[in-house]
Amino acid sequence: MTRKCYVTTTIPYVNAKPHVGFALELVQADALARYHRLLGRDVRLQTGTDENALKNVLAASERGVATQHFVDDNARAFRDLCPALGVAPDEFVRTTEPRHRRAVERFWQRLRADDIYRKKYTGLYCVGCEDFVLERDLVDGCCVDHGKPPVRVDEENYFFRLSTYQSQVEDLIRSDRLRIVPQTRRNEVLAFVRQGLQDISVSRLAARAGGWGIPVPGDPSQVIYVWIDALINYVSGLGFGTSDGWDEYWNDDTLKIHVMGKNVWKFHAVYWPALLLSAGLPVPDVVAVHGFLTQNGQKISKTLGNTIDPVDCVREFGLEAVRYYLLRAIPSFDDGDFSTERLKGVYNADLANGLGNLVSRLTTLCSRAGFCCYVGAASPAAPEGYHEAWSRYEYDGALAALWKLITVVNQEIDRAAPWAALKAKDPGSVHGHLERWLGVLHSIAYWLAPFVPRASQTILEMLARDPIVPSAPLFPRLVYLQ
RNA sequence: GGGCUCGUAGCUCAGCGGUGAGAGCAAGGGACUCAUAAUCCCUGGGUCGCAGGUUCGAAUCCUGCCGGGCCUACCA
């Protein structure tokens with residue numbers, strides 16, 4: 001129980017402003033961190049930005065600005081997204097920071113010497129993909145995903161002997177020492193590993209990278225492959241390579257959780273553990289993979305720029321509404337749709353009519369009945385199914401467990417009809433009921449903290465008041481005229 | 001081309017071999033008034049993507065097809 005916990009998001013590349021897809025990841029990771037904190041654990045939450053990608057260089061040059069300027073600008077937008085969503089990371093890593101660069105160099109040097117070798121490589125390289133593509137996959141000579149022609153590349157790169165780690169990685173996953181959630185994703189990773197791991201290229205010609213990126217130690221003609229560089233943020237942010245006490249949150253007694261989208265599990269569940277094994281460092285414990293968001297049913301595309309700005313959305317509906325929507329109405333692991341229409345619907349049904357209205361009716365009843373000072377347990381029992389859902393990383397499930405109680409209390413109030421006793425001038429007879437209902441509300445509010453921390457705090461404060469007074473609407477109902 | 005995955009009420013999803021297919025939201029009706037036109041109760045609504053097969057029995061297993069998604073692949 002005294003275990004420490006380390007939660008990370010992936011670090012998005014900053015060639016554009018953040019969209020709701022990343023907001024989902026940030027909010028999931030934040031809720032996870034808050035949940036473990038609520039359980040009394042020593043938790044560290046980290047996010048950041050991946051700035052060494054060649055894509056950033058290209059995006060900057062398209063706009064005619066210096067790359068550093070460009071990434072500084074966009075990194076700020078990502079950093080600002082945190083407070084907008086009520087997320088307070090303990091660390092925000094930018095991969096262009098000197099401390100990260102040093103960490104990457106040290107990490108590279110720490111890899112088993114045998115695991116790194118040089119090999120000649122030739123192929124067509126798509127800058128958008130940051131990867132090699134095949135001729136027959138091209139349409140009109142262009143990459144299907146990026147609409148641009150790839151460049152012919154003939155160069156010698158450094159390779160990492162990933163193949164050596166196949167059975168070790170497979171064992172980690174099979175034994176759940178490295179747990180991959182959900183299960184379907186775990187099956188997918190295992191199938192991938194079993195089909196055989198090829199060694200991977202871990203550097204690029206510096207000239208082709210536009211001089212951007214972290215040079216290979218001892219060979220400035222090469223820069224480290226951006227994915228390797230990016231993964232190392234999980235330890236560089238802790239001080240790896242720059243601080244002696246860096247492993248306070250990266251050791252076998254810390255529950256290390258990486259939260260990410262379904263497109264990057266290969267890097268986190270396969271490459272990263274192998275690299276860590278090679279470097280003689282502990283591997284992560286959990287790889288939690290979420291799905292993708294569509295927007296009004298359409299694929300979100302950074303390049304098309306058809307994206308809802310999460311900050312605008314927060315401005316319109318409030319950060320708690322956006323957090324709630326992302327955690328409740330989006331399946332924890334599958335793809336989901338983000339639409340403001342649905343957001344409004346969920347807000348009114350669950351937050352305004354559900355939680356908010358229950359708080360209103362209870363505080364008013366207390367006030368009328370002259371019920372003062374509710375004293376609850378410091379840490380009330382969680383509703384049935386709540387912790388179980390968390391153990392499966394099912395955010396929506398944990399919230400469903402809480403909302404079930406809201407319905408129960410509403411039903412009980414209706415059945416008990418306390419207003420009748422109040423009219424009969426017998427307020428004392430409803431105190432027993434109120435005591436129970438406030439107890440349930442207290443539990444709801446307490447365990448709601450990971451999801452909607454402000455509402456949780458507000459309700460807990462209302463309950464602690466002496467006397468309890470009628471409250472203003474917690475989540476005012478949204479009314480829209482057609 | 002291959003792997004994996006999704007396709008179940010208007011919407012979002014649960015069920016994943018066995019009593020007449022479920023929940024929430026939305027819709028319709030009723031009750032109530034403490035509450036944010038709220039809440040509570042009841043109701044309607046589905047060829048479980050399509051076509052075969054296995055089985056005493058399939059939404060649930062198998063095959064093929066159609067459609068969405070993620071990943072992956074030097075030829076086969």
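Numbers restart at 1 for each chain; the letters A, B, ... are given by sequence-line order, proteins then strands. Remember, it's a predicted structure, so these values are computed and weren't measured experimentally.
Across all strands shown, Arg342(A) has heavy atoms under 4.0 Å from sugar-phosphate atoms exclusively, and none from any base. Residue Arg368(A) is classed as a sugar-phosphate contact, given heavy-atom separations below 4.0 Å to backbone atoms only. Using a 4.0 Å heavy-atom cutoff across all strands shown, Pro418(A) reaches no nucleic acid atom at all. Using a 4.0 Å heavy-atom criterion, one finds that Phe475(A) contacts the bases of the nucleic acid, with or without backbone contacts as well.
For RNA chain B, runs of at least 3 consecutive pairs of the Watson-Crick or G-U wobble type, with both hydrogen-bonding distances under 3.5 angstrom, map to B:1-7 with B:66-72, B:10-13 with B:22-25, B:27-31 with B:39-43, B:49-53 with B:61-65.
Using a 4.0 Å cutoff on non-hydrogen atoms, the parts of residues 394-414 of chain A near RNA chain B are Thr407(A), Asn410(A), Gln411(A), Asp414(A), ordered by number. Near RNA chain B, meaning a heavy atom under 4.0 Å from it, residues 448-472 of chain A has no residue at all. At a non-hydrogen distance threshold of 4.0 Å, Ala349(A), Ala352(A), Asn353(A), Gly356(A), Asn357(A) from residues 349-359 of chain A come into contact with RNA chain B.
Between the CH2 atom of Trp265(A) and the P atom of rU72(B) there is a distance of 8 Å, given to the nearest Å. The distance from atom CE of Met260(A) to atom P of rC70(B) is 17 Å, rounded to the nearest whole Å. We find that CD1 of Ile330(A) is positioned 9 Å from C1' of rU12(B), with the value rounded to whole Å. Remark: P of rC70(B) and CD of Glu188(A) are 12 Å apart, rounded to the nearest angstrom. For Gln183(A) and rC6(B), the CD to C1' distance is 17 Å, given to the nearest whole Å. The CZ atom of Phe338(A) sits 15 Å away from the P atom of rU12(B) (whole-angstrom rounding). Regarding Leu293(A), its CG atom lies at a distance of 14 Å from the P atom of rU12(B), rounded to whole Å. Summarising the geometry, the separation between CG on Asn187(A) and P on rU72(B) is reported as 18 Å, rounded to the nearest angstrom.
Nucleotides rU33(B) and rC40(B) place their P atoms 16 Å apart, quoted to the nearest Å. Between the C1' atoms of rU5(B) and rC16(B), the separation comes to 15 Å (whole Å). Rounded to whole Å, the separation between the C1' atoms of rC66(B) and rG29(B) comes to 41 Å. Spacing of C1' atoms, rU12(B) relative to rA51(B), comes out at 28 Å, to the nearest Å. When the C1' atom is used for both rG2(B) and rA59(B), the distance is 28 Å, rounded to whole Å. Across rG15(B) and rA23(B), the matching P atoms stand 15 Å from one another, rounded to whole Å. Comparing rG57(B) with rC42(B), their C1' atoms are spaced 34 Å from each other, to the whole Å. Nucleotides rC4(B) and rC11(B), compared at atom P, are 29 Å apart to the nearest Å.
Using cut-offs of 30° and 60° for the angle between ring planes, the Phe338(A) and Tyr325(A) rings count as perpendicular. Ring pair Trp265(A)/Phe192(A) is perpendicular by interplanar angle, where above 60° counts as perpendicular and below 30° as parallel. A parallel orientation is assigned to the rings of Phe107(A) and Trp272(A), their planes being inclined by less than 30° (bins at 30° and 60°). Under the 30°/60° scheme for interplanar angles, the aromatic rings of Trp227(A) and His268(A) are found to stand perpendicular. Using the six-membered ring where Trp is involved, His442(A) and Tyr446(A) have ring planes that are tilted, between 30° and 60° apart.
Lys119(A) and Asp199(A) are not joined by a salt bridge, as no carboxylate oxygen comes within less than 4.0 angstrom of a charged side-chain nitrogen. By the 4.0 Å N-to-carboxylate-O rule, Glu188(A) lies too far from Lys262(A) to be salt-bridged with it. At a threshold of 4.0 Å, the pair Asp171(A)-Arg174(A) counts as salt-bridged, since one of the basic side-chain nitrogens sits closer than that to a carboxylate oxygen.
Heavy atoms only, all atoms of each residue included: Ile11(A) and Gly48(A) are closest at CG2-C, 3.4 Å. The two atoms that bring Pro453(A) and Arg34(A) nearest to each other are CB-NH1, 3.5 Å, heavy atoms only.
Of the listed nucleotides (rU36(B), rG69(B), rC34(B)), rU36(B) has the atom at the smallest distance from the side chain of Arg477(A). In this structure, of rU33(B), rC13(B), rU72(B), it is rU72(B) that holds the atom nearest to the side chain of Lys266(A). Considering only side-chain atoms of Leu474(A), the nucleotide from rU36(B), rU33(B), rA14(B) that sits closest is rU36(B). Ranking rA14(B), rU36(B), rC34(B) by closeness to the Ser360(A) side chain, first place goes to rU36(B). For Asn263(A), the side-chain atoms get nearest to rC70(B) when compared with the rest of rG3(B), rC70(B), rC11(B).
Asp414(A) meets the salt bridge (charged side-chain N to carboxylate O under 4.0 Å, His left out) test with Arg361(A); sequence neighbours excluded.
Between the side chains of Tyr6(A) and Gln46(A), at least one donor N or O lies within less than 3.5 Å of an accepting N or O. Judged purely by distance below 3.5 Å, without hydrogens or angles, the side chains of His387(A) and Tyr35(A) pair a donor atom with an acceptor atom.
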Could you check Phe78(A) against Thr47(A) for side-chain contact (heavy atoms from CB on, under 4.5 Å), going step by step and ending with a plain yes or no? CA-CA 10 Å; Phe78(A) 278 87; Thr47(A) 184; over 6 Å; no
Under the criterion side-chain contact (heavy atoms from CB on, under 4.5 Å), I'd like the reasoning laid out for Ile330(A) against His290(A): C-alpha separation, chi angles, the key distance, then a yes or no.
CA-CA 10 Å; Ile330(A) 303 296; His290(A) 65 252; over 6 Å; no
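Listed by first and then second residue, the salt bridge (charged side-chain N to carboxylate O under 4.0 Å, His left out) pairs involving residues 418-435 of chain A amount to none (not counting sequence neighbours).
Residue order along RNA chain B, read from the 5' end via each residue's closest nucleotide, puts Leu422(A) first among Leu422(A) and Tyr271(A). Nearest-nucleotide assignment on RNA chain B puts the 5′-proximal partner with Pro473(A), out of Pro473(A) and Gln195(A).
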